[in-house]
Every structure is written in C-alpha cells, then in structure tokens.
Amino acid sequence: MSVVISGTGLFTPSEKISNDELVQCFNQYVERFNADNNAAITEGTIDALSYSSSEFIEKASGIKSRYVMAKDDILNIDIMHPTLIERPNDELSIQAEIGVAAAKQALKAANKTAADIDLVIVACAYTQRSYPAMAIEIQDALGCNGWGFDMLVACSAATFGIINAANAIRSGTAKTVLVINPEILSPQINYRDRDSHFIFGDVATAVVIEDQSTATSEHCFKIIAEQPITQFSNNIRSNIGYMNNCHPENANADDKYFIQQGRKVFKEVLPMVSELITSQMAKIDLAPDDVKRLYLHQANINMNGFIAKKVLGRIPSLIEAPIILDEYANTSSAGCIIALHKHHDDLASGDKMVLCSFGAGYSACCLILEHL
Ligand code: CO8
C-alpha cells in the first residue's frame, strides 16, 4: 500500500505586521519603560531595556513581516498582546474556524468532499482548550464521519500528524484523513521581549492523506521514506499550562511565554536535522542531485541555508529550497506545509522532494515524497 498527500490548503489572516511597525511599537515601549524607571536604572537596580531594530531582525532571521489574527492591540504599547473576543460555546471556535478554512481548500485540491473523510487530526503547537478536541469540533463543522483527535508536537506537529495519518490508513482504521494545523501563535509571544517579539505569525494549513488507489488529484505526493525523532531539550520552552493557576504568583511570569536560547537551538538542531535528512535519503538511495525540492521548517533563513548546503552539497536556489518565512515569519508546524502548498505547481511525475520539520522538544521529522 502507498500513502499519498493528495491536497493542501492554506488560510492566511487578513492582518499583517511589518518589522518596522513591530519595532516602532517595541521601541516606544522601551523608551517609556526606561524613562519611568530612570532612577532605578541609574542606581543599577534595574537594567535599561535595549531597542529592537528591523535590520537586526531581517539579518538574523530573514523575517520581514508576519500575519496575525488581531493586529491592533499587539501594536498598542499599553497592551502589546492580541485581543480576541471570547466566543460562546455554541459558536465555532476561532481556531476551528481557521482550520475549517484551510481544510476546505485541501479537500478541493484533493477532489474530495467532507463525506470522504473518516479521520481528522488537528496537529499544532497549541490548542485553545484541552477538550472537546479541536479536531472533533472541525469534524462536526465540516460534516465528516469517523473520528478525530488533537496532537501537539510544536514545530513538528504537521509532519508527525502526517505520519499518524499514514499509519491509520495502513492499519485500516481510516481511509482518507485531514491533517489540519491551525497555528495561532501570537498569544504566546512576549511582545515586550526583544529576543523573541519578531519570531512568530498566525496561519492555518491542511493536507489530505489517502491511499494511492483512491487519489485523483493533479498533484499527489507519495510518501516514500519517513522518520520522526525527538530529543529532550529545555532550549525552547513555554510553561503555559492548565496548572498555572496552582501557583498564581507566577501565573503571568515570562516563562509562560515562548522562550528560547536561539543560538544553542541553531547549533544543536542543525546537525540533528542534516543527519536525519541525509539518513533518509541514503535509505532509499536518493542522490542530492535527484532532490527536486527541499521544503524545510521555516524558522530562520540562515539555518535553512546551512541545512540545504549540508544535505545537497551546494547552495540551492530559492526555487529548490523555497522560503516563505520572509512573509509569514515562523508559523511553527505550518511553515514547511506552506512552502509545499505554494511551491509545487511546476513539479512533474517522478520528482522527489524532502519535507522536513524541526523545533521544540527537540522534535524533527523528515518525509521524502515522490510526485505521482
Ligand atoms: N533587535 C536588535 N538586537 C537584538 C534583537 C532585536 N530584536 N534581539 C536580540 N538582539 C541582540 C542580542 O541581545 C544580542 O546582543 P549582544 O550580542 O549584545 O548580547 C545580539 O543581538 C545577537 O543576539 P542573538 O545571538 O540572540 O542573535 P542570533 O543571531 O542568534 O539570532 C535568532 C537570533 C534569530 C532567534 C536565531 O538565534 C534563531 O533563529 N535561532 C534558531 C531558532 C529556531 O529555529 N528556533 C525554533 C523555533 S521553535 C519553533 O519554531 C516552534 C515553537 C513552538 C511555537 C511557539 C509559538 C509562540
């Protein structure tokens, strides 16, 4: 049995923030903080905050802008956080809504309807609640049969989700699966922290996974190799969770937001991912020159350049190793799926592609795909 990705979908929020807008707000906040704390800063009891800069952000990461669900209050220096109106329980949740939008596109691309789907997996970095599962809400909203569940693997959620979908098809517990990645990341950003205020954006992606024998779409990608790996690390961490109100004194502390040791992550993840991709290519005797496309996790343009060079032995063109993080920023697990969604129209039968995620956990996953 061969399992294929037969359709992809992408929901992009309508609101966008440029580096300059983000930096302008952050720097106004820094100016006010330093003025308000002038005495303590002069005494040496508080450190002055440093300014952010668009030049740094673009050079260090490649990010130029990000889409968000609610822009206004992120850029309000008295708030610096997205404000989303809480919906009543009988209305579709916001995370389910963007998941449904991406899923509908993926279904259309795969020539499928909701009635064909018998498993919905929501795979992302955060779900807005623990239960009922976002996947079951989306299953209901779309009118799919079968079953659904949520799974969290930070930036590797989408690829781990695809592997779970493939295994469900192989085991016979599902025939056609939707894997949906509604990544609403802006609430987890500390917009007052210059090390991380620029990193993430909001988005949703979706893919349809099915047996090759039922696939009819124009662009079908057969999974010909796959391997997930994990290795514990505290270098990317967030302590947000349902136990936070058990220690209310720290409930809003900085460690409840996304925190990382970016340099360490860069250094440690790079060899881990290069080795993972190389070993998967060796498993199926795939030579670097035969890799038509490298869809990498979209966290940092320099990191992707290093990995691509190590794996392919050459600096790839932007067509071979597409970059979407310049426009979308880091969208956690959705990043490599956006790259696949936007950059596959020119692929032809027999072309081989690498789809690889990496991120918190650490977690990484490499899939090698062949265009039918
Ligand atoms: N403006 C100006 N200067 C800055 C800024 C800024 N905004 N930020 C930091 N600096 C300063 C630093 O303070 C430092 O100053 P000094 O040398 O005086 O100490 C200097 O610039 C250099 O800082 P860094 O060493 O931190 O800069 P880097 O070149 O390492 O770049 C990056 C920082 C861009 C963060 C880089 O390290 C990076 O991208 N690393 C890879 C990280 C990565 O891939 N992480 C994976 C992310 S995890 C994930 O994708 C999913 C997690 C789950 C979702 C979470 C949702 C919220």
Side-chain angles (χ1 to χ4, degrees), residues 19-20 22-27 29-30 47-64 66 68-69 74 81-82 95 123-128 152-160 181-203 230 233-241 254-273 296-307 323-326 328-338 356-365:
N19 284 347
D20 284 350
L22 197 68
V23 165
Q24 190 191 15
C25 169
F26 180 85
N27 287 349
Y29 162 74
V30 168
D47 288 334
L49 295 182
S50 303
Y51 293 106
S52 182
S53 91
S54 297
E55 295 70 35
F56 169 87
I57 294 170
E58 193 172 339
K59 189 158 179 273
S61 69
I63 295 166
K64 296 179 185 164
R66 70 285 296 140
V68 291
M69 296 301 293
I74 293 174
H81 198 272
Q95 195 175 21
C124 52
Y126 303 94
T127 50
Q128 74 177 78
L152 308 180
V153 200
C155 294
S156 285
T159 49
F160 275 52
N181 324 108
E183 294 284 15
I184 302 185
L185 304 171
S186 53
Q188 257 289 280
I189 301 170
N190 182 353
Y191 286 101
R192 295 186 175 86
D193 170 39
R194 83 164 178 163
D195 290 336
S196 59
H197 76 124
F198 59 88
I199 295 181
F200 294 98
D202 301 330
V203 83
T230 52
S233 170
N234 274 322
N235 288 331
I236 315 171
R237 188 162 177 130
S238 164
N239 288 329
I240 192 84
D254 285 355
D255 71 318
K256 306 302 179 298
Y257 292 98
F258 166 89
I259 288 179
Q260 73 168 349
Q261 306 292 324
R263 278 278 153 104
K264 283 192 186 157
V265 174
F266 199 108
K267 276 200 191 124
E268 291 173 9
V269 167
L270 210 142
M272 179 179 160
V273 171
L296 295 178
H297 172 50
Q298 302 282 318
N300 183 301
I301 198 169
N302 305 315
M303 197 170 180
N304 285 17
F306 276 113
I307 293 170
I323 290 293
I324 59 89
L325 64 87
D326 52 349
Y328 282 83
N330 184 338
T331 49
S332 190
S333 77
C336 60
I337 307 295
I338 303 174
C356 186
S357 64
F358 39 90
Y362 298 129
S363 58
C365 181

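Quick caveat, the model's predicted, so the values are computed rather than measured. Start at 1 and go down the list; that is how both ligands and their atoms are numbered.
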Mark up the atoms of ligand 1 that fall under 4.0 Å of a heavy atom belonging to [X], in ascending order.
X: Leu185; result: 56 (C), 57 (C)
X: Val265; result: 42 (C), 43 (C), 45 (N)
X: Ala60; result: 31 (O), 34 (C)
X: Ser53; result: 1 (N), 2 (C)
X: Ile236; result: 46 (C), 48 (S)
X: Asp195; result: 8 (N), 9 (C), 13 (O)
X: Gly262; result: 37 (O), 40 (N), 41 (C)

Any [X] side-chain heavy atom under 4.5 Å of [Y] side chain:
X: Glu183; Y: Asp202; value: no
X: Asp254; Y: Asp193; value: no
X: Met69; Y: Ile184; value: yes
X: Ile323; Y: Asn304; value: yes

Heavy atom of the protein closest to [atom] (residue, atom name, distance):
atom: atom 47 (C) of ligand 1; answer: Asn330 ND2, 3.6 Å
atom: atom 38 (C) of ligand 1; answer: Asn300 ND2, 3.3 Å
atom: atom 22 (C) of ligand 1; answer: Phe56 CE1, 3.9 Å
atom: atom 35 (C) of ligand 1; answer: Gln260 NE2, 3.4 Å
atom: atom 14 (C) of ligand 1; answer: Arg194 NH2, 4.6 Å
atom: atom 52 (C) of ligand 1; answer: Cys155 SG, 3.6 Å

Does some non-hydrogen atom of the protein lie less than 4.0 angstrom from [atom]?
atom: atom 50 (O) of ligand 1; result: yes
atom: atom 1 (N) of ligand 1; result: yes
atom: atom 55 (C) of ligand 1; result: yes
atom: atom 44 (O) of ligand 1; result: yes

Quiz item: Where does Tyr126 meet ligand 1, judged by heavy-atom distances below 4.0 Å: at the side chain, the backbone, both, or neither?
Solution: side chain

Self-check item: Ala299, portion touching ligand 1 at heavy-atom distance under 4.0 Å
Solution: side chain

Self-check item: Contact (N/O only, under 3.5 Å) between His297 and ligand 1
Solution: yes

Quiz item: Any chance the rings of Phe358 and His297 have centres within less than 6.0 Å?
Solution: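 That pair passes the under 6.0 Å test.
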
Quiz item: Looking at Phe258 versus Phe200, is the centre-to-centre ring distance below 6.0 Å?
Solution: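 They qualify: ring centres under 6.0 Å apart.
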
Quiz prompt | Residues, nucleotides or ligands: over 12 heavy atoms within 6.0 Å of Phe306 CZ | solution =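 Open.
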
Quiz item: When you look at CG of Asn234, are more than 12 heavy atoms from neighbouring residues, nucleotides or ligands closer to it than 6.0 Å?
Solution: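 Yes, CG of Asn234 has more than 12 neighbouring heavy atoms, counting only those of other groups under 6.0 Å.
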
Self-check item: Option of least heavy-atom distance to atom 57 (C) of ligand 1 (set: Phe26, Phe200, Phe358, Tyr51)
Solution: Phe200

Exercise. Determine, considering heavy atoms only, which of Arg263, Gln188, Glu55 sits nearest to atom 29 (O) of ligand 1.
Key: Arg263

Quiz item: Does Glu183 come within less than 4.0 angstrom of ligand 1, counting non-hydrogen atoms of the residue?
Solution: no

Quiz prompt | Distance (rounded to the nearest 0.5 Å) between Ser50 OG and Asp195 CG | solution =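 So the gap between those two atoms works out to 9.5 Å.
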
Quiz prompt | Backbone N/O of Lys256 and side chain of Gln188: donor-acceptor pair under 3.5 Å | solution =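 Pair found, side chain donor or acceptor close to backbone of Lys256.
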
Smallest separation among heavy atoms of [X] and [Y], with atom names:
X: Leu185; Y: Ala125; answer: CD2-CB, 4.0 Å
X: Cys356; Y: Cys336; answer: O-CB, 4.1 Å
X: Ile63; Y: Asn19; answer: O-ND2, 2.6 Å

Practice problem: Please determine, by modelled atom types, if Arg66 and Asn330 share a side-chain donor-acceptor pair under 3.5 angstrom. | Solution: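 Side-chain D/A pair, Arg66 to Asn330: absent.
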
